[in-house]
Amino acid sequence: MKKKAEWPRRLRSQEWYGGTSRDVIYHRGWLKNQGYPHDLFDGRPVIGILNTWSDMTPCNGHLRELAEKVKAGVWEAGGFPLEVPVFSASENTFRPTAMMYRNLAALAVEEAIRGQPMDGCVLLVGCDKTTPSLLMGAASCDLPSIVVTGGPMLNGYFRGERVGSGTHLWKFSEMVKAGEMTQAEFLEAEASMSRSSGTCNTMGTASTMASMAEALGMALSGNAAIPGVDSRRKVMAQLTGRRIVQMVKDDLKPSEIMTKQAFENAIRTNAAIGGSTNAVIHLLAIAGRVGIDLTLDDWDRCGRDVPTIVNLMPSGKYLMEEFFYAGGLPVVLKRLGEAGLLHKDALTVSGETVWDEVKDVVNWNEDVILPAEKALTSSGGIVVLRGNLAPKGAVLKPSAASPHLLVHRGRAVVFEDIDDYKAKINDDNLDIDENCVMVMKNCGPKGYPGMAEVGNMGLPPKVLKKGILDMVRISDARMSGTAYGTVVLHTSPEAAVGGPLAVVKNGDMIELDVPNRRLHLDISDEELARRLAEWRPNHDLPTSGYAFLHQQHVEGADTGADLDFLKGCRGNAVGKDSH
């Protein structure tokens, strides 16, 4: 257990607010125009509430209300709360993709913390990229920090059927292409998909990353699953506000919580919940900011023998609302602990170990959180594939895949990029059948740019009309955590930098062997070398703005797709006063 820091002591914020110098009076005096009394500057913890609210980030549209509850908790604990708006990248509105701006958001958050008088931070997040970006920025500064998420939406229903946000969008869209649903019915179903404030109600990336924050120890126990409109979400926000004040007094920092053991706990948790493949790229990036050596091999090693026991879409049948009622993530962590798959002594933001937090919880619904013997899949961890087509790795989510396709050999049907795919996929003359392997290039971190969620390529109508619902698909893209299928993602090196994916041709045979972790292009080594030597880039490069910076400095998916100059830069030095 961490030794608590001495209290009282002089805090970082006093560099701005403590004393009688001209510079201090400048900082303090201006803030007083908000009506703050003088005694609030007496050395008590100043808490920055980093709020990713935005009208254009629908998942986070209710966070201003939650921020007021966080403030109430900070006031109650004797702190001084100051709300700070930070960059908010929404997966469902940002183009070309929110992933392109995750690193920009992390950089902005890092500088917001480093450059302003905060002693501790509450990371108020929700939508897919806001959780990792704020954790990355906070990790780089290493000030006491704690996550509170906005929570998932309530269940959707359409004609008596549970509707999972994202998951049913893909399902209904394929049904329209197959002639099983009319466009009018699709539009009618739209109204049932998002019926309350909150993030996706499936185990998509938002709920996965909320679970990752809790499994890492960076959120209070039980935070991940509380619905966004449940009164207990407000209670969680207020308790989080109280807790951050004590964390500042104890000087409990992210680097003391997000250890290698904590990341291993999170990887195993992701397997147990059937979490998003996006967690791979985000945890690799967060670990890089903390200075933890986390690799794709750790994902395969830690997740390989963990059963998926959470029966939620897209892998199962329920939604986040039922997961909360069943007991939520604490039950999953307890199950992992009982199975010897949890580092029980990992520290959390509560100041207690993860095991102390979960050892007494109860599972209230064993059809939602399943016994291990009834698991959705016995090996639910993210699979890391390697071979001549992915020398640096590719990933696949077995709990969302079709078992009969996990060992497959098929003819490649190649799309040079997302525009080529869109131009060809609905053409009945496309030479493709259900035994083929769909391959899409130039959708990685540099290629798209930003690595969009397009890897779960919709199947061609001519195949869907046969009643076929899945095919093997390979790309250097990501896919939404709400999506499903036998989809190989994050293929590295990506096509845009001349990885082997770039030289796959129509008609090449590709072998997928998930049990043996193999992804192989069936051509000779000599032929592959010849193709790679002849390859030339064929996509436009940005010439200005953040897109140019991103293109020049983004790393590969296999290491987290962070900007190369931002890794390993942890520290919370106070900037020099310029006045």
Side-chain angles (χ1 to χ4, degrees), residues 2-19 21 23-32 34 36-51 67-86 108-125 134-148 217-220 237-258 289-290 347-351 570-577:
K2 170 186 164 58
K3 182 180 179 181
K4 295 180 179 179
E6 179 184 348
W7 184 259
R9 67 182 186 279
R10 182 178 173 86
L11 295 174
R12 178 176 183 264
S13 60
Q14 288 297 290
E15 299 294 328
W16 281 263
Y17 297 143
S21 71
D23 293 343
V24 166
I25 290 173
Y26 173 86
H27 295 305
R28 193 171 59 210
W30 271 110
L31 193 58
K32 285 182 177 179
Q34 307 293 305
Y36 295 122
H38 184 76
D39 62 356
L40 289 180
F41 302 90
D42 60 3
R44 70 188 67 193
V46 174
I47 306 301
I49 302 172
L50 305 185
N51 194 348
E68 293 304 314
K69 303 301 289 186
V70 175
K71 287 180 184 178
V74 173
W75 287 122
E76 288 168 349
F80 183 6
L82 295 171
E83 187 177 352
V84 181
V86 292
V109 166
E110 176 181 343
E111 298 309 324
I113 296 171
R114 182 172 285 122
Q116 297 185 91
M118 303 177 197
D119 300 309
C121 307
V122 175
L123 313 179
L124 195 51
V125 295
L134 266 64
L135 277 168
M136 290 162 67
S140 290
C141 293
D142 207 28
L143 285 181
S145 300
I146 188 171
V147 170
V148 61
M218 287 297 294
L220 292 178
Q238 191 156 338
L239 293 176
T240 299
R242 292 179 185 176
R243 179 58 196 160
I244 187 60
V245 176
Q246 189 61 47
M247 287 177 66
V248 171
K249 293 178 180 179
D250 296 340
D251 199 26
L252 180 55
K253 299 175 180 178
S255 59
E256 295 168 306
I257 296 168
M258 290 193 287
R289 296 300 189 94
V290 188
L347 187 63
T348 76
V349 288
S350 71
R570 191 173 78 241
N572 60 356
V574 176
K576 293 186 180 296
D577 198 313

(message) Is there a side-chain contact between Pro117 and Glu15 in this structure, where contact means two heavy atoms from C-beta onward sitting under 4.5 Å apart?
(response) no
(message) So does Asp39 get a backbone contact from the side chain of Arg44, meaning a donor-acceptor N/O pair under 3.5 Å?
(response) yes
(request) Could you pull out the closest heavy-atom pair between Ile244 and Gly241, with the gap in Å? (result) CG2-O, 3.2 Å
(message) Using side chain to side chain contact (heavy atoms under 4.5 Å, CB included), reason through Phe41 and Trp16 one step at a time and then give a plain yes or no.
(response) CA-CA 10 Å; Phe41 302 90; Trp16 281 263; over 6 Å; no
(message) How about NZ on Lys32, more than 12 heavy atoms from neighbouring residues, nucleotides or ligands closer than 6.0 Å, or not?
(response) yes
(request) Search all heavy atoms of Ser145 against all heavy atoms of Leu143 and return the closest pair with its distance. (result) OG-O, 2.8 Å
(request) Report yes if some heavy atom in the side chain of Val84 is under 4.5 Å from a heavy atom in the side chain of Met118; otherwise report no. (result) yes
(message) With rounding to the nearest 0.5 angstrom, report the CD1 to CG distance, Ile146 to Leu123.
(response) 9.0 Å
(request) Considering non-hydrogen atoms only, spot the tightest contact between Arg243 and Gly351 and give its length. (result) NH2-N, 3.5 Å
(request) Indicate yes or no: at least one non-hydrogen side-chain atom of Pro45 is less than 4.5 angstrom from one of Leu11. (result) yes
(message) Would you compute the distance between atom CD1 of Ile113 and atom CG of Leu50 and round it to the nearest 0.5 angstrom?
(response) 5.0 Å
(message) Do Leu31 and Tyr17 make a side-chain contact, defined as non-hydrogen atoms from C-beta onward lying under 4.5 Å apart?
(response) yes
(message) With a 4.5 Å cut-off on side-chain heavy atoms, are Leu252 and Pro144 touching?
(response) no
(message) Measuring from atom CZ of Arg12 to atom CZ of Arg114, what distance do you get when rounded to the nearest 0.5 angstrom?
(response) 8.5 Å
(request) Looking only at non-hydrogen atoms, find the nearest pair between Ala67 and Ile49 and report the distance. (result) O-CD1, 4.1 Å
(message) For Arg9 and Asp251: C-alpha separation, side-chain torsions, deciding distance, then whether side chain to side chain contact (heavy atoms under 4.5 Å, CB included) applies.
(response) CA-CA 11 Å; Arg9 67 182 186 279; Asp251 199 26; 3.4 Å; yes
(request) Using a 4.5 Å cut-off on heavy atoms from C-beta on, say whether the side chain of Leu220 contacts that of Val349. (result) yes
(request) Find the distance between CG (Leu82) and CD (Gln116) and round it off to the nearest 0.5 Å. (result) 9.0 Å
(message) With rounding to the nearest 0.5 angstrom, report the NZ to OG1 distance, Lys69 to Thr240.
(response) 12.0 Å
(request) Step through the shown structure and confirm whether more than 12 heavy atoms of other residues, nucleotides or ligands are within 6.0 Å of CD on Glu6. (result) no
(message) Less than 4.5 Å apart, side chain to side chain, heavy atoms only: is that true for Leu134 and Val147?
(response) no
(request) Could you go through the side chain to side chain contact (heavy atoms under 4.5 Å, CB included) check for Glu68 and Glu83 one step at a time? (result) CA-CA 9 Å; Glu68 293 304 314; Glu83 187 177 352; 4.1 Å; yes
(message) Please check this pair: side chain of Arg289 against backbone of Cys141, looking for a donor-acceptor N/O pair closer than 3.5 Å.
(response) no
(message) How long is the straight-line distance from OG of Ser13 back to CZ of Arg28, given to the nearest 0.5 Å?
(response) 11.5 Å
(message) Strictly distance-based, threshold 3.5 Å: is any side-chain N or O of Asn51 a donor or acceptor partner for the main-chain N or O of Pro85?
(response) no
(message) If you define the side chain from C-beta out and look only at heavy atoms, does anything of Leu40 sit under 4.5 Å from Trp75?
(response) yes
